[in-house]
Amino acid sequence: MFSRVLTFTIDGLHPRPVTVEVDIRPGLPAFTIVGLGDAAVRESRERVRAAIQNSGFDFPQQRITANLAPASLRKAGPGFDAALALALLAASGQMPSAYVTDVAVFGELSLNGELRAVPGALAVAEGARHHGIARLIVPRDRGGEAALVEGLQVAAVDGLRDVVDAATGVRIPAPPPPRELTPLREPELDLADVRGHQLPLLALEVAAAGAHNLLLEGPPGTGKTMLARRLPSILPPLGQEEALEVTRIHSIAGQGGGGLMRARPFRAPHHTISAAGMVGGGPVPRAGEASLAHRGVLFLDELAEFARPTLEALRQPLEDGYATIVRGQRALTFPTRVMLVAATNPCPCGFAGAGDHRCQCTDADLLRYRRRLSGPLLDRIDLMVNVQRPSASELARPPHTTSAQVRERVLEARDRARHHEVLKPTLEPAAKSAMRSAYDRGDLSPRGRDRVVRVAQTIAHLHGHARITEEDLMLALLLRQRTTAELPRMAA
């Protein structure tokens, strides 16, 4: 007898439909799975056999052939177990085949028949809706995640027996509770902890308002990491579509919590990470840290200590907003629209330019250290700020601002940006003249010029200007020069 059940596999970040076909014929007992599956798929034979028997069903003692179609698509992971078991039960006559024609099943089976969670339930639910499937059966602890997709009946079950009951309609479990959009929680880290650092605080605000890349440079212990880790506290929550996109990426990576992510991700990989770990890759391509930080912040502490190939691999993803990974004649695209925030020391010992005599680095040491960061990579960073140690009087003063105050201004600036997003940045005549002078000095590339204008536009949005003024532009140039200059009075 023959039966088929629909399931899905995750190809990069995209769900691909897979038809599980099972044929049972007389012959010596054998269970063969074909269809370009990996080791986890091949091992499902033993899991399915034990789960069927321990769930009170009969395992056919005949020749069983299971095909995962299309055969040209590589299959990985244990998520095909439940579909294989359901198709086998239908093909052996232990349940009517008519009940499995409009249902998709996704989950791993334990030896005693329990249905275990598999990464990617949200993506599978989106794939089921896209292909017109009316019902989806998933493990219970992934039911809420799958139910985020509207227009799909989700059955969240505990084991193989429940899978059969849900497919046949004997006992359909109650649908998962309606999703609750988790509000943005008050962050534990607040800008109220910062003393001094007026210019770096302004740079954080501008970066948050315009999603600009930021480099913090300065001696060790001056607060670079402290500032960067407080950036999420001033970012707006994710919108509905953004939240679904981010939740899907983390679900496929096996890092989702089963609910909708509302806070923007903050990823801080160690400097020993490889290029594949940063932008994605591997024998079976998976999302890298840049994709896990999509719509959020990618923080690279000790930037100069990262391997040169790892940093250079970020250049195109930062520019394009996605990374294309080619493996085995397949091209997979991973989104990488991130805010890059980096911190670095000015030299190997960290004290160059710190105003003291502790730096013992030679000119050769400084040159070698500077070469670790290529010009093309630095040209993609919008804001470059020098972070110096605050004075004793600044440490004794009250905080300059709080995260709640800055977040309110960031939200207002982003709201103004949405109203002006179809318009080109407009510079006042004095601003045009200042921009021309700065460009003619040769300090900016054409890309750098465009980035300065974009930063100036963000500053204008923060100040409530419809057009970019000369002061907006000069502040944007100041925030790109890695300078220790005092903050202009107009921006205080």
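If you're wondering where the values come from, they're calculated on a predicted model, not measured in any experiment.
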Asker: Can you list everything that forms a salt bridge (charged side-chain N to carboxylate O under 4.0 Å, His left out) with E245? Sequence neighbours excluded, please.
Answerer: R295
Asker: Measuring only between side-chain heavy atoms, which start at C-beta, is V284 closer than 4.5 Å to D38?
Answerer: no
Asker: Under 3.5 Å, is there a donor-acceptor pair between the side chain of S251 and the main chain of T247?
Answerer: no
Asker: Just wondering, are more than 12 heavy atoms of other shown residues or ligands nearer than 6.0 Å to CZ in R416?
Answerer: yes
Asker: Mind checking side-chain hydrogen bond (donor to acceptor under 3.5 Å, both in side chains) for R135 and listing every partner two or more places apart, or none if nothing turns up?
Answerer: D102
Asker: Can you tell if the side chain of M339 reaches within under 4.5 Å of the side chain of L235, non-hydrogen atoms only?
Answerer: yes
Asker: Minimum heavy-atom separation for A166 and V157, please, with both atom names.
Answerer: CB-CG1, 4.3 Å
Asker: Quick one: does V279's side chain get under 4.5 Å of T336's, heavy atoms only?
Answerer: no
Asker: Side chain of D365, backbone of T362: donor and acceptor closer than 3.5 Å?
Answerer: yes
Asker: Quick one: pull up CG in L244 and CE in M261 and give me the separation to the nearest 0.5 Å.
Answerer: 12.0 Å
Asker: Start with the C-alpha distance between D443 and L477, add both sets of side-chain angles, then the distance that settles side-chain contact (heavy atoms from CB on, under 4.5 Å), and finish with yes or no.
Answerer: CA-CA 10 Å; D443 297 333; L477 288 169; over 6 Å; no
Asker: What pair of heavy atoms forms the shortest contact from L13 to A287, and how long is it?
Answerer: CD2-CB, 4.5 Å
Asker: Do D450 and V453 have side-chain heavy atoms sitting under 4.5 Å apart?
Answerer: no
Asker: On a heavy-atom basis, which atom in L152 and which in A125 lie closest, and how many Å separate them?
Answerer: CD2-O, 3.6 Å
Asker: Measure across F306 and D301 and return the closest heavy-atom pair with its distance rounded to 0.1 Å.
Answerer: CE1-O, 3.2 Å
Asker: Return the CG to CG distance between L202 and L383, rounded to the nearest 0.5 Å.
Answerer: 9.0 Å
Asker: How long is the straight-line distance from CD of E242 back to CZ of R262, given to the nearest 0.5 Å?
Answerer: 9.0 Å
Asker: Is there a donor-acceptor pair closer than 3.5 Å between any side-chain N or O of R337 and the backbone N or O of H294?
Answerer: no
Asker: Could you tell me if the side chain of L204 sits less than 4.5 Å from the side chain of L191, heavy atoms only?
Answerer: yes
Asker: Can we say R315 and E312 salt-bridge, meaning some charged N sits less than 4.0 Å from an Asp/Glu carboxylate O?
Answerer: yes
Asker: Given 3.5 Å as the limit, does a donor-acceptor pair link the side chain of H250 with the main chain of L292, or not?
Answerer: yes
Asker: Nearest heavy-atom pair of T7 and G79: which atoms, and what distance?
Answerer: OG1-O, 4.1 Å
Asker: Please walk me through it: do D379 and R480 pass salt bridge (charged side-chain N to carboxylate O under 4.0 Å, His left out)?
Answerer: CA-CA 10 Å; D379 199 46; R480 191 181 170 85; 3.2 Å; yes
Asker: Suppose we screen for salt bridge (charged side-chain N to carboxylate O under 4.0 Å, His left out). Which residues come up paired with D320, at least two apart in sequence or across chains?
Answerer: none
Asker: Drop me the distance from F334's CZ to R286's CZ, to the nearest 0.5 angstrom.
Answerer: 9.0 Å
Asker: So C361 and L366, side-chain contact (heavy atoms from CB on, under 4.5 Å) or not? Walk me through it.
Answerer: CA-CA 7 Å; C361 299; L366 292 173; 4.2 Å; yes
Asker: Can you pull the ring-ring contact (aromatic ring centres under 6.0 Å, His included) pairs that have at least one residue in residues 401-423, sequence neighbours excluded?
Answerer: H420-H461
Asker: Show your working on side-chain contact (heavy atoms from CB on, under 4.5 Å) between R397 and E394 and close with a plain yes or no.
Answerer: CA-CA 5 Å; R397 292 174 189 167; E394 288 176 326; 3.8 Å; yes
Asker: Mind checking whether L201 and V406 have side chains closer than 4.5 Å, heavy atoms only?
Answerer: no
Asker: To the closest 0.5 Å, what do you measure between OG1 (T222) and CZ (R389)?
Answerer: 10.0 Å
Asker: Which pair of heavy atoms, one from F106 and one from P139, lies closest together, and at what distance?
Answerer: O-CD, 3.2 Å
Asker: Give a yes or no answer on whether the side chain of H270 reaches the backbone of T272 with a donor-acceptor pair at less than 3.5 Å.
Answerer: yes
Asker: Suppose we screen for salt bridge (charged side-chain N to carboxylate O under 4.0 Å, His left out). Which residues come up paired with E319, at least two apart in sequence or across chains?
Answerer: R380, R447, R451
Asker: Give a yes or no answer on whether the side chain of E145 reaches the backbone of R142 with a donor-acceptor pair at less than 3.5 Å.
Answerer: no
Asker: Going by atom types only, do S437 and D440 share a side-chain donor-acceptor pair under 3.5 Å?
Answerer: no
Asker: Test side-chain contact (heavy atoms from CB on, under 4.5 Å) on V124 and I10; report intermediate values, then the result.
Answerer: CA-CA 8 Å; V124 168; I10 306 299; 4.1 Å; yes
Asker: Any side-chain heavy atom of L479 within less than 4.5 Å of one from L199?
Answerer: yes
Asker: Can R372 and E302 be counted as an ion pair, charged N to O under 4.0 angstrom?
Answerer: no
Asker: Checking the side chain of K75 only, and the main-chain atoms of L73 only, is there a donor and an acceptor separated by less than 3.5 Å?
Answerer: yes
Asker: Salt-bridge test for R267 and E289: reply yes if a basic N is under 4.0 Å from a carboxylate O, no otherwise.
Answerer: yes
Asker: Donor-acceptor pair, distance only, cut-off 3.5 Å: does the side chain of T458 make one with the backbone of R454?
Answerer: yes
Asker: From E305 CD over to T310 OG1, what is the distance, rounded to the nearest 0.5 angstrom?
Answerer: 12.5 Å
Asker: Using side-chain heavy atoms (C-beta onward) and a distance below 4.5 Å, is K224 in contact with N345?
Answerer: yes
Asker: Above 12 or not: heavy atoms from other molecules or residues under 6.0 Å from CZ of R308?
Answerer: yes
Asker: Under the rule for ring pair (Phe, Tyr, Trp, His ring centres under 6.0 Å), what residues qualify as partners of H465, not counting sequence neighbours?
Answerer: H463
Asker: Run the numbers on R370 and E217 for salt bridge (charged side-chain N to carboxylate O under 4.0 Å, His left out), then give the verdict.
Answerer: CA-CA 12 Å; R370 288 279 180 173; E217 184 180 60; 3.7 Å; yes
Asker: Could you tell me whether the side chain of N213 and the main chain of L340 form a donor-acceptor pair under 3.5 Å?
Answerer: yes
